[in-house]
Amino acid sequence: MAHDDDPAVYEARWRARWARDGLDRIDLAHARDPYYNLMMFPYPSAEGLHVGNMYAFTGADIHGRFQRCQGHDVFEPIGFDAFGIHSENHAILVGRHPMELVRRNVTRFRTQLERLGAQFDWSKAVDTTDPRYYRWTQWLFLQLWKADLAYRATRRVKWCPNDLTVLADEQVLGDGTCERCGATVLERELEQWFLRITRFAERLLAGLDALDWSESTKLAQRNWIGRSEGAHIDFPIAGEEPLRVFTTRPDTLFGATFMVLAPDHPRTVRLADPAQRETVAAYVARAERRRVAGQHAESGGPAGVALGRTARHPLTGAELPLFAAEYVLSGYGTGAIMAVPAHDPRDHAFATAHGLAIVEVVRADQDVALAAHVGGGVLVNSGEFTGLGAPDPARERVVATLEARGLGSREVRYKLRDWGISRQRYWGPPIPVVHCPRCGAVPVPETELPVVLPYVEAFRPLGTGSSPLAAVPEFVNTRCPQCGEPARRETDVSDTFLDSSWYFLRYPSADRDDVAFDPQLTRRWLPVDTYIGGNEHAVLHLLYSRFIAMALHDLGWLDFEEPFTRFRAHGMIVSQGAKMSKSRGNVVNPDEYMDRYGTDSFRLYLMFMGPFDEGGDFRDRSINGPARFLAQLFRLLARVEDTEEPAALARARHLCVQKVSADTPQLKYNTAIAALMTYANSLRDHPGPVPAQGVRTLAQLLAPYAPHAAEELWHRLGGTGSVHRQPWPRHDPSLLVEEVVTVIVAVDGRRRDQLRVAPGLPADELERLALSLPRIAALLDGHPPRRVVVVPDRQVNLVLAVA
RNA sequence: GCCGGGAUGGCGGAACGGCAGACGCAGCGGUCUUAAAAACCGCGGCUCGCAAGAGCGUGCGGGUUCGAGCCCCGCUCCCGGCACCA
């Protein structure tokens with residue numbers, strides 16, 4: 001039974017009205033007070049909008065709406081991150097073409113997103129699979145290539161045997177499985193395109209300090225970049241090039257008693273004594289199989305083999321036996337280490353297993369034969385360095401000595417690897433390169449972009465190490481843009497993360513076909529003021545986007561380096577204590593709830609559940625609360641009169657304005673909603689007519705949270721224009737002062753009585769009043785307190801006990 | 001193993017070092033109704049007590065403080081991330 005207070009009636013009506021009036025569109029070119037409110041654009045899955053998406057978008061939209069209420073011109077765009085392996089795998093699964101599925105999913109998402117009542121500017125929506133978008137993704141690649149930030153290399157890459165594609169390191173989970181499908185990841189040698197993110201390692205790290213981001217996100221990036229400061233040191237080998245190692249503890253150099261190479265270090269087999277070579281090669285092959293399978297032998301255990309050869313200690317000249325062992329990784333440092341068993345647990349375990357010498361060089365309070373001493377101390381057994389503090393200042397002194405003798409040098413290493421972007425798949429933007437037998441790899445001229453992804457029925461991965469596009473002659477066969485001779489197109493497509501690494505630059509210029517991003521619009525709107533999204537993208541998307549922005553800055557396309565001034569990670573919504581998943585059967589369908597309670601109740605419920613940065617557990621019963629709260633507001637309307645506002649209600653109103661205005665920008669939505677409820681309750685409980693001002697203010701404060709209900713209330717109260725375009729209410733601090741305060745009277749910290757007094761009484765007056773209370777006098781029994789602590793307007797604590 | 005975050009009524013959660021449990025859910029009792037729903041009123045941490053009140057209560061053990069959910073030290077468990085990174 002539809003009536004005017006039914007959200008089903010007024011919500012749809014207002015959305016239609018807002019769309020018609022273009023309320024959410026702004027004139028980007030002329031906005032005076034721009035505020036770019038960004039949220040992570042969704043991947044349009046076949047399942048439709050997820051509660052997690054709703055949660056994220058609602059929270060971000062409240063932020064944007066609030067900023068608009070503060071008078072900013074808020075740009076709040078949305079789009080679709082629709083390329084990638086998710087969509088492609090789903091298409092394979094259901095046997096339909098990704099182009100068709102994505103179109104359908106995007107349509108469905110758009111309908112659901114519109115229903116959310118967010119102030120999205122749909123006129124600037126982007127879809128990464130639209131040639132009008134990926135043309136510029138290809139353009140971006142070409143700019144990077146021109147600047148020597150893209151290169152081609154044969155690398156051992158992670159390979160998913162199930163998805164039949166290369167994965168980025170970031171897409172491999174800690175247990176060596178594919179983050180997509182869970183298959184055990186293998187490795188393959190393939191020629192790939194890489195982006196030189198490592199060149200920016202130091203800037204990516206240093207830039208974090210100045211960013212207003214969630215600390216946890218910054219930390220995740222720091223760990224991922226993984227800077228370590230140390231030195232490389234060369235250990236001479238008779239008749240060979242010296243063996244170079246990297247160490248963060250050059251101060252422990254005198255404790256090095258042997259050396260270890262990674263099994264797949266290029267010199268491992270070559271350095272082995274001929275008599276040992278077979279044994280070593282066999283071990284290397286075994287280790288290789290284990291490594292590719294994602295297993296590794298116990299740290300420092302017996303897994304490892306002697307090479308039957310020695311290197312010389314660069315300072316003492318001592319002979320150090322060489323080993324190959326799996327606990328040393330080829331991918332980090334130089335792939336070889338000096339082993340200092342007294343001060344490194346892994347070296348210690350290996351030394352113990354192989355009966356190698358353990359020499360203490362940093363004085364330890366325990367026996368280093370039993371366990372490594374990792375901490376600092378004073379150097380012993382270290383020749384001229386004995387007596388120095390370790391690691392500092394000994395570190396500097398040892399390195400200086402090595403440098404003076406040309407035996408080593410200070411060095412900074414990073415864990416960060418270059419970003420491999422080639423994907424041997426179908427569903428992505430083709431990498432705009434032509435391979436010419438004569439000219440080599442040649443960029444597709446910018447004027448010929450986009451290189452359109454052809455519609456291909458056989459889009460399933462081939463598993464040959466080539467994209468399905470390789471089987472499409474019309475696509476592959478072309479002419480070299482440089483010499484005009486027959487040539488072949490690059491058939492790999494690029495990683496989805498490349499699409500999303502720059503979409504926020506595209507939004508303001510989304511309707512422009514002449515540029516990727518217009519310089520003037522970009523100057524006006526970027527960097528992004530606030531970015532809200534999930535912390536699962538802390539190291540992938542957020543790091544890539546920063547890298548791309550820095551690169552474009554250096555190329556003169558951007559005048560800033562950091563794309564996101566402020567980033568806030570929202571929490572995750574779980575259901576029945578666990579992440580929602582189809583297999584668990586605990587997936588919540590947001591449509592059902594919106595059908596039943598309306599969008600606004602659902603928005604309020606999601607935000608009221610708990611702190612926005614913590615997420616929460618979805619319980620369907622609790623949504624009653626916000627639904628009842630909105631219904632109560634509409635009931636108040638019948639009692640509204642344009643009367644004088646009683647002082648108590650004025651105070652309650654100003655308190656509410658203060659609380660909501662303070663909590664909302666801090667994303668403390670749950671407590672802001674509680675304050676709205678508290679104030680609404682005081683209006684409800686007030687006998688007599690409800691002052692119109694009260695409900696009007698409620699409508700305004702509610703506008704970011706429940707945009708439809710707020711608009712409806714506003715108009716029922718005779719408001720003109722849109723509630724979303726009203727100046728934000730201000731509170732008058734002088735009205736917040738209470739007339740009577742309760743002062744707790746405690747004896748030895750235990751509450752014994754209370755005073756009801758005017759606020760602002762001086763301490764001695766409060767003390768006098770407290771002592772005069774009969775119950776207190778009885779407790780004191782004539783003894784004066786040893787000490788009296790007065791907290792003005794709050795508490796008087798009478799201390800009797802001896803401290 | 002390392003790095004984050006957390007643990008508060010039946011439940012979600014709130015609390016500038018100053019009345020723990022705001023706000024809400026679920027529950028119980030009542031009003032209205034032929035009835036039900038909705039709405040409204042009331043109750044609600046635990047123990048003892050008719051009551052007034054007293055004692056005990058924020059994962060565990062200590063500490064600092066007139067006073068600790070909050071600060072410090074040492075644990076336990078849960079969630080997230082990283083993980084043989086030399």
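Below, chains carry the letters A, B, ... as their sequence lines are ordered, and counting in each starts from 1. Side chains included, hydrogens not; waters and symmetry mates left out as well; all remaining heavy atoms used.
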Touch class at under 4.0 angstrom, heavy-atom based, for [X] against every strand present:
| X | result |
| --- | --- |
| P785(A) | nothing |
| R227(A) | nothing |
| D685(A) | sugar-phosphate |
| L219(A) | sugar-phosphate |
| V328(A) | base |

Base-pairing mate for [N] - Watson-Crick or G-U, with both contacts under 3.5 Å:
| N | result |
| --- | --- |
| C84(B) | none |
| A38(B) | none |
| C75(B) | G59(B) |
| G9(B) | none |
| A54(B) | U47(B) |
| C70(B) | none |

#### Entry: G42(B) glycosidic torsion: syn (within 90° of 0) vs anti
anti
[atom1] gap between [N] and [M], integer Å:
| N | M | atom1 | result |
| --- | --- | --- | --- |
| A38(B) | C28(B) | P | 13 Å |
| A15(B) | U8(B) | C1' | 10 Å |
| C46(B) | A22(B) | P | 14 Å |
| U76(B) | A83(B) | P | 25 Å |
| G63(B) | G17(B) | C1' | 16 Å |
| G13(B) | G80(B) | P | 16 Å |
| G27(B) | G9(B) | C1' | 13 Å |
| C2(B) | U58(B) | P | 29 Å |

[atom1] of [X] versus [atom2] of [N]: gap in Å, rounded?
| X | N | atom1 | atom2 | result |
| --- | --- | --- | --- | --- |
| K218(A) | C82(B) | NZ | P | 20 Å |
| F323(A) | C84(B) | CZ | C1' | 18 Å |
| R222(A) | C2(B) | CZ | P | 21 Å |
| D613(A) | C79(B) | CG | C1' | 14 Å |
| L636(A) | C40(B) | CG | C1' | 13 Å |
| M609(A) | A14(B) | CE | P | 12 Å |
| R750(A) | U65(B) | CZ | P | 19 Å |
| H570(A) | G5(B) | NE2 | P | 19 Å |

### Message
Taking the nucleotide of RNA chain B with the nearest heavy atom to each, does L329(A) or G615(A) sit closer to the 5' end?
### Response
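Nearest-nucleotide comparison on RNA chain B picks G615(A).
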Between [X] and [Y], which heavy-atom pair has the shortest distance, and what is it?
| X | Y | value |
| --- | --- | --- |
| V399(A) | S409(A) | CG1-C, 4.2 Å |
| D347(A) | F258(A) | O-CZ, 3.8 Å |
| V588(A) | V51(A) | O-CG2, 2.9 Å |
| P321(A) | L356(A) | CG-CD2, 4.3 Å |

### Task
Check for a donor-acceptor pair, side chain of T352(A) on one end and backbone N or O of H348(A) on the other, with a separation under 3.5 Å.
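At least one qualifying donor-acceptor pair exists.
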### Task
Using atom types as modelled and distance alone, determine if a side-chain donor or acceptor of D418(A) lies under 3.5 Å from a backbone N or O of I197(A).
yes
### Query
R249(A) and D251(A): salt bridge (charged side-chain N to carboxylate O under 4.0 Å, His left out), yes or no, with the steps?
CA-CA 5 Å; R249(A) 292 292 302 273; D251(A) 52 299; 3.0 Å; yes
### Query
Any ion pair linking D209(A) and R222(A) (charged N to carboxylate O, less than 4.0 Å)?
yes
### Message
Tell me whether the side-chain N/O atoms of R787(A) come closer than 4.0 Å to OP1 or OP2 in G67(B).
### Response
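Checking R787(A) against G67(B): no side-chain N or O falls below 4.0 Å of OP1 or OP2.
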Close N/O contacts between protein and nucleotides 17-24 of chain B (under 3.5 Å):
{"from": "G18(B)", "atom 1": "N2", "to": "Q795(A)", "atom 2": "OE1", "distance (Å)": "2.6"}
{"from": "G18(B)", "atom 1": "N3", "to": "Q795(A)", "atom 2": "OE1", "distance (Å)": "2.6"}
{"from": "G24(B)", "atom 1": "OP1", "to": "N681(A)", "atom 2": "ND2", "distance (Å)": "2.8"}

### Message
Less than 3.5 Å apart, any donor N or O on the side chain of S214(A) or D613(A) sitting next to an acceptor on the other?
### Response
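Checked: S214(A)/D613(A) side chains show no N/O donor-acceptor pair below 3.5 Å.
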